[in-house]
Amino acid sequence: MTTPRRLLGLVALAGLPLAVLGVFFVLPVSGMVARGFVTDGSLDVGGVLEVLTRARTGRVLWFTVWSSAVATVLAVVLGLPAAYALHRLRWPGRRAVRAALLVPFVLPTVVVGVAFRQLLGESGPVVALTGGRVDLDGTAAGIVAGLDFLNVAVVIRGVGAAWEGLDARPGEAAAALGASPAQVFRTVTWPMLRPAVVSSASVVFLFCATAFGIVLTLGGLRYSSVETEIYLLTTELLDLQAAAALSVLQLVAVVALLVVAGRLRAVPDPTLARSTARPHRPRRSDVPQLVATALLLVLVAAPVATLVVGSLRVDGAWSLAYYRALGGGAELQALPVPVTGALVTSLRTAVDATWMALLLGGLIAVVLTRRSRSRSERRVRSVLDGLFMLPLGVSAVTLGFGFFITLDSPPLDLRESPVLVPLAQALVAMPLVVRTLVPVLAGVDDRQRQAAASLGAGPLRAMATADLPVVWRPLLAASGFAFAISLGEFGATSFLARPSDPTLPVLIFRLIGRPGELSYGTALAASVVLAATTAVVVLAVERLRVPSLGAF
C-alpha cells in the first residue's frame, strides 16, 4: 500500500519542475494555441483553415516533409556502416574518429549553415573541383546535406550502442551453417537492431523537421520549412495568427510522430541473446564498413575545414584580419556589441542554462526512477513522465514564439528579463539531461539506499551514498551536452535575445546578412571560435564514454 505521505512526497519532489513547466511551457504553448484559434475573444477556426489552405503553406509543409524524409534515409544509410565500424570493431584511432563524428550533432546550426555556404558557394571547393558543373549553393540538396551533417551522429550513437550489446555467437553459428553475411544480417542481426534503427530514424526525422538555422541560412528566399516560415511570419510579416496556426500544426505532427515511433519500436526476439560483446579486429569482410566510415569522416570534415580556411584567407592571402575584427572594427561599429562581447554573453547564458537544466532534469530523473510501491504511484509517475517529456515534442522556434506572445504583460512581463533566454535554452536541453540520467539511476539497486537509511542516513545522505558514485560521470556528460546545446541554441534565442545583448549565434546570423567582405569574414571567424568552443566541450564529454545520444 502506498501512503498519502509517500504520494505527497512524490508530488513535492516534482513540484519545482512542474511549476517551471507550467509557467514556461504550458502557458506559452497554450497562449500560442489561443493566438491561432481565438480572434477578438471568439473561436476562429476559419482563420486557421485559411492559413493551412494557402498555396505557400502547402509548399512549406511539403518541403519540410520530403527534405526531412530524404535526410533521414541518407543518415541511416551513412550511419549504419559507421555504427558497426566504431562499436563492433577494434582499430587504431577508433575513439578519436567516434568523438569527431559526434561533434557535428551539437555544433550551432548557424555555424553549420555558414560552413556549408562556404563549402558550396561560388568560390567554394565543390564548384572549383567540378569546374562549375556542380553548384549546390541555395539548393534543396545543399539543405539536405547540412541536415545529414548534423544528424548522422544520432544514428551512429543510437544504433552503435545497441549493436555493441548484441551477442556475436548466433551470427557466427549461422555463418558456420553456410549463411552469407547478408543472410546473417537479415535473419539474426536486424531483428534485434531494428528497434534502435527505428528509434534513431524517428529522432533524426524530428530534428530535421524542426531544423531552423540550417534552412534559414541555406534556403534563402527559395526554400522555407515550417520552422523558418514561423520565424518569417512573426518577424517580417507580423502575421501572428498564421505563425500560431503553423506552430499548432507542427506541435500536433511532432507529437504524433513520437507516438507512432514509440509503437514501431517493436520488442526484439527474446530468443536472440544479448551481451556486452568485446570489439574484434577487422576481418576482410569488414573492409567496406571501414571504407564507408573513412568516407563519412571526410564528408564531415570538409565543411569544417572549408570554414577554417575561409576565416584565414583575406584577398587571396593568409591573414588573421577577420579574427582581429572580432573585437570590433570600423566597418562593424553598427553592431550592438563586438563579437567577443557576444561570446561572453553566450558563455554566461550557457552556464545559467546548464545549471537550470541539471536542476530540473535531475529532479525529474529522481522522481521517475524511484521504485513504485502501488498501482496509483506507478500511474502518477507515468503521467509525470509524459508531462516532463513534452518539451521534446515542441521545437525551439515554437517555444520561443510562445514566450514572445505570452510573457509580455504583468505579472509575467519577462521579455526584458535576463533569465528568459537561459530558461528557454534549459527547457530545450532538459530532455537530454533526463534521458541521460534516467537509465543510470534506474539501474541503482534500491537496497543500497535502504541499507544506508537503516544505518541512520537521511534521504539526501542515502542518495549521495548509493547514487552519486554511479551517476557522477553521466551527470558530467549531461552537463557538457547541455552546455554545448545551450551555447549554440538559435531557434528560441532568435526571438528572445535582447537587441543590445545578443548571443554569438544571433550575432553571426546578423553578420552574414550584412553587406561587405569584412562582415562575412568576421562571421566566418566567429563561427570557427564558436565551433571550437563547442567541440572542446563535446570531446571532453566523450572521454566519459556515456552514450547520451542513444538515450533518446
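The main-chain N or O of A209 is found under 3.5 Å from a side-chain atom of S68 such that the two form a donor-acceptor pair. Within the 3.5 Å criterion, the main-chain N or O of L27 finds a donor-acceptor partner in the side chain of S30. Side-chain atoms of T228 never come within 3.5 Å of backbone atoms of V215 as a donor-acceptor pair (strictly under, hydrogens ignored). Checked by atom type and distance alone, the side chain of W163 never pairs as donor or acceptor with a backbone atom of L80 at under 3.5 Å. A donor-acceptor pair under 3.5 Å is absent between the side-chain atoms of S486 and the main chain of F483, judged by distance alone. With hydrogens and angles disregarded, a donor-acceptor distance shorter than 3.5 Å links the side chain of R94 to the backbone of L89. Side-chain atoms of S200 do not come within 3.5 Å of backbone N or O of V197 as any donor-acceptor pair.
Residue L78 holds its CG atom at 8.0 Å from CG of L295, rounded to the nearest 0.5 Å. The CZ atom of R117 lies 14.5 Å from the OG1 atom of T306; values are rounded to the nearest 0.5 Å. One distance of note links OG1 of T139 with CG of L120; it measures 7.0 Å at 0.5 Å rounding. Taking OG1 of T57 as the start and CD of E50 as the end, the distance is 8.0 Å to the nearest 0.5 Å. Expressed to the nearest 0.5 Å, how far CD1 of I156 lies from CG of L102 amounts to 9.0 Å. Here the straight-line distance linking atom CG of L487 with atom OG1 of T534 works out to 4.5 Å at 0.5 Å rounding.
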**Request:** Show your reasoning for whether side-chain hydrogen bond (donor to acceptor under 3.5 Å, both in side chains) applies to S224 and E229.
**Result:** CA-CA 6 Å; S224 183; E229 190 72 2; 3.1 Å; yes

**Request:** For T522 and L326, run side-chain contact (heavy atoms from CB on, under 4.5 Å): C-alpha distance rounded to whole Å, both residues' side-chain angles, the deciding distance at 0.1 Å, then the answer.
**Result:** CA-CA 6 Å; T522 306; L326 295 177; 3.9 Å; yes

**Message:** The test is side-chain contact (heavy atoms from CB on, under 4.5 Å); show your working for V110 and L530 and say whether it passes.
**Reply:** CA-CA 10 Å; V110 172; L530 185 55; over 6 Å; no

**Request:** Might you work through the side-chain contact (heavy atoms from CB on, under 4.5 Å) test for Y322 and V528, ending with a clear yes or no?
**Result:** CA-CA 11 Å; Y322 295 146; V528 172; over 6 Å; no

**Message:** Would T349 and E489 count as a side-chain contact (heavy atoms from CB on, under 4.5 Å) here? Give the steps.
**Reply:** CA-CA 10 Å; T349 303; E489 205 284 320; over 6 Å; no

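Residues I143 and F116 form no side-chain contact, since every pair of their non-hydrogen atoms from C-beta on lies 4.5 Å or further apart. Two residues are said to be in side-chain contact when any heavy atoms from C-beta on lie closer than 4.5 Å; F212 and S494 meet this criterion. Side chains of L249 and L61 form a contact here, defined as non-hydrogen atoms less than 4.5 Å apart. Here the side chains of V159 and H87 are not in contact, with every heavy-atom distance at 4.5 Å or above.
Residues T64 and V60 share a closest heavy-atom pair of OG1-O, 2.8 Å. Residues V337 and A342 share a closest heavy-atom pair of CG2-N, 4.2 Å. In plain terms, the two heavy atoms of S479 and T354 that are nearest each other are O-CG2, 3.6 Å. Contact record, A292 with P81: CB-CB, 3.8 Å, taken as the closest heavy-atom pair.
Here A305 pairs with nothing under the side-chain contact (heavy atoms from CB on, under 4.5 Å) rule; sequence neighbours left out.
The aromatic rings of F105 and F207 sit tilted relative to each other, their planes meeting at an angle between 30° and 60°. The aromatic rings of F509 and Y231 sit perpendicular, their planes meeting at an angle over 60°, well past the 30° parallel limit.
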Under 3.5 Å, which donor-acceptor pairs do the side chains of residues 426-433 form with other protein atoms, sequence neighbours left out?
none

